[in-house]
There are 2 protein chains.
Amino acid sequence: MTQGAPSARTGRADGAAAGAMDIVSDVTQPPRRPRKRSATRSVTLSDVAAAAGVSAQTVSRVVRDPRSVPDETRANVEAAIAATGYVPNLAASNLASNRSRTVGVLVPQINASVFADTVHAFSTALAAHGYQIFVGTTDYRPEHEEDVLRSFLGRRPDGLLMVGTDHTPGTRALLAAAGVPVVETWGWSDDPVDLLVGFSNAAAAAAMVGHLVERGRRRITFAGRHTSGDPRAAERLDGYATAVRELLGTAPRTVDAGPEPVTMDTGVTLLDLVLERHPDSDAVMFSSDVFAAGALQACVRRGIDVPGTLALAGFGDFELARHLVPSLTTVAVPGTLIGELGAELLLERMRGTPVGVPHRDVGYRVVARASS
Amino acid sequence: MTQGAPSARTGRADGAAAGAMDIVSDVTQPPRRPRKRSATRSVTLSDVAAAAGVSAQTVSRVVRDPRSVPDETRANVEAAIAATGYVPNLAASNLASNRSRTVGVLVPQINASVFADTVHAFSTALAAHGYQIFVGTTDYRPEHEEDVLRSFLGRRPDGLLMVGTDHTPGTRALLAAAGVPVVETWGWSDDPVDLLVGFSNAAAAAAMVGHLVERGRRRITFAGRHTSGDPRAAERLDGYATAVRELLGTAPRTVDAGPEPVTMDTGVTLLDLVLERHPDSDAVMFSSDVFAAGALQACVRRGIDVPGTLALAGFGDFELARHLVPSLTTVAVPGTLIGELGAELLLERMRGTPVGVPHRDVGYRVVARASS
DNA sequence: AGCTCTGTTGTTAGCGCTACCGGCAGCGCT
DNA sequence: AGCGCTGCCGGTAGCGCTAACAACAGAGCT
């Protein structure tokens, strides 16, 4: 009922204007129609200005910085805004001011709720300063990251938050050319692009190995999606392998999910692979709680004693982990803190003030529960 | 290392240009500095045009519709684009063309993965047609919807997807004034704003009651978050209440989570409330799988026999539901289909072609599993 | 009175892009 | 030859907004 044909609404006013001008113009001249383009249907700043009896500039000031205008004028303009139903056109604002008040967020996957906390905290913190967030996902395909980034840059964001520290040369080149402030998160790097809020995935995985060894496990297998576009899983694998060699002096035992999605189904598949390839395992470390949860429930269903026969551990400390029976041992990562700190650093950088400590290690915590 | 001071780069070129103009201009005139504003740091269309030896218009054509330009010219321009590292400024494009190639998506919550499937399918389908998606969340606060919508409209989206059919008058007024194509989803309404792809939450809940009655349950309690900003939960409650009265002839028995978040913890709280207020219940229907999953695991932990003593049912058919032990009876909703159909209808509307069937009922399916 | 200073408002010239038109070849037709 | 037609390309005038300045009134000072 609302719809109608929006473009149809424009014709009339323009036609009338054109007619009036034609009458005034010299007849010997070609008609020289003002060939107005499809004028926008919406209320503009100058409409509001006309309604309030002030200049467009004053309206603009009221919209952007109400305190810069005396109370009476402001009230007057605000009334006009309400009366006309004015909604500022941000595209025009961005173009004129060369600021978009917009920050892009690049995550591998949005429903994989590890990052959801980070994104939520980040966007809440930035919203308080008038920034809007737009989120893009790479679907765990690093080569996709470059495409998404390119289309992001078309929006001229004032800043970027990215999950991961591992980027293609193309991505780094784009970032360098754009000169946009960037926070990398959820990883650690000796050569960050700009700002960094994260932790060492390798150290976290090594700590988990330490925990399992402490609990008496000796044949620990790593199961994850580490060869197909999840650099964080690969880093965890590295940490695992190093720790196993150091603490147990044995060769690492791993199982890979390939390009399978991060789902509980894949977790079951991984468990099957472990039982097939490394049937003597006494513990399995998964690269994600999602995998571990799928595997854990499969064990319960099949009567495999957890942790008696097999200890299981995940990564991420999703809410699910502590609700499962048995509850799941995992690595807790401060996702919300990452988002908050990331916002803080990015705000400083966007403001142009020097950033005190541009690289922050938020750490991790091994959460020992019943599954180990 | 990337950062530097972007604004510092501009001064030189502009200064030189100003000098040249001053020499040409009449000396009696005041200097009339061209007072260039903080020129953008980035490569523009005309930079590319100069590099390729064509007009800006031709470059624009190559970017927007490569087939409208002969092969040779196109290759030439594309080489110039690559050489200069040009990234189109979408704000300028939007402003000039009055099209943003952008679609806004409004969901209550993004990590509540029911909607994740819909959003993912929707954004994939629209990306294929050159549209970008931006997502906003209302955090299950309907009054928040209006704010989010207002800031969305500032971006002048070509279309909108909203979860829910229940909107404040303010929201409806904004939508009407903007004249933007809209798809409402995940509900059903006799008076939709524009397009509609959904199903009846009430009918789905009633069907679940039917299933539980069929399995011999007589004292079914509804537990959810239906009074605090989740209209879909409220609709489900309605359907439940009607069905209970019809099929069992008893009064509905409900328990409400109030404004608590949709988490498994809240599910446990709801279970406690049920056991306290309606201790003779032989079945509990939750308004979400998340609640049901929390309650189910709590039952397992406490030794409450499911479904022997108490049958449990959820809503949404998350992946988790079929992995739990016992597996969870729930209502499956075709989230992905909703996203795909929504994209299809919206594309037609945005294209301006008449939409055949603007309201689509995608239905639902009761999935009977072990928990009932 | 003359001056500076501050607060408030208006004017102007773009931001980078695209719609709209016009011009010019080259082609096939009468 | 003259006509229209199509394909290709460029010039021009904005889209709606804001940065940068300008103008002016009134206050406070010398």
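Every chain is numbered from 1, with letters handed out A, B, ... down the list of sequences. Values below: all heavy atoms of this structure, side chains included; hydrogens, waters and symmetry mates excluded.
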If you check every side-chain atom of B:Ser97, which of C:dC15, C:dA19, C:dC17 has the closest atom?
-> C:dA19

Residue-phosphate contact under 4.0 Å: A:Ser60 side-chain N/O, D:dC17 OP1/OP2 = no

Expressed in angstrom and rounded to an integer, what is the separation of B:Arg155 atom CZ from D:dC17 atom P?
-> 14 Å

Whole Å only: how far is the CG atom of A:Asn98 from the P atom of D:dA20?
-> 11 Å

Length of the CZ-P vector between B:Arg99 and C:dC17, whole Å = 17 Å

Euclidean distance, atom CG of residue B:Leu95 to atom P of D:dC15 [Å, nearest integer] = 9 Å

When the distance from CG of B:Asp71 to P of D:dC9 is rounded to whole Å, what number comes out?
-> 11 Å

Give the rounded distance in Å between these two atoms: CZ of A:Arg64 and P of D:dC17.
-> 11 Å

Under the side-chain hydrogen bond (donor to acceptor under 3.5 Å, both in side chains) test, which residues partner B:Arg351, sequence neighbours left out?
-> none

Taking only the side-chain heavy atoms of B:Ala96 (C-beta and beyond), determine which of D:dT18, D:dG14, C:dC15 contains the nearest atom.
-> D:dG14

Kindly write out the residues that satisfy salt bridge (charged side-chain N to carboxylate O under 4.0 Å, His left out) with A:Arg74, not counting sequence neighbours, or none if the list is empty.
-> A:Asp71

Go through the side-chain N and O atoms of A:Ser60 and A:Arg64 and say whether any donor and acceptor fall under 3.5 Å apart.
-> yes

side-chain contact (heavy atoms from CB on, under 4.5 Å) partners for B:Thr138, two or more places apart = B:Leu106, B:Pro108, B:Glu145

Nearest-Å distance for atom pair CG/C1', residues A:Leu90 and C:dC15 = 15 Å

Do B:His167 and B:Glu146 meet the criterion of a side-chain donor-acceptor pair at a distance under 3.5 Å?
-> no

B:Leu45 atom CG is separated from C:dC15 atom P, nearest whole Å, by 14 Å

B:Ser55 meets the side-chain hydrogen bond (donor to acceptor under 3.5 Å, both in side chains) criterion, sequence neighbours left out, with B:Thr58

Just the atom pairs and distances: protein N or O near nucleotides 7-10 of chain C's N or O, under 3.5 Å.
residue, atom, partner, partner atom, Å
C:dT9, OP1, A:Thr73, OG1, 2.7
C:dG10, OP2, A:Ser55, N, 2.8
C:dG10, OP2, A:Ser55, OG, 2.9
C:dG10, OP2, A:Thr58, OG1, 2.9
C:dG10, N7, A:Arg61, NH2, 3.0

Only counting residues at least two apart or in another chain, list the ones meeting ring-ring contact (aromatic ring centres under 6.0 Å, His included) with A:Tyr131.
-> none

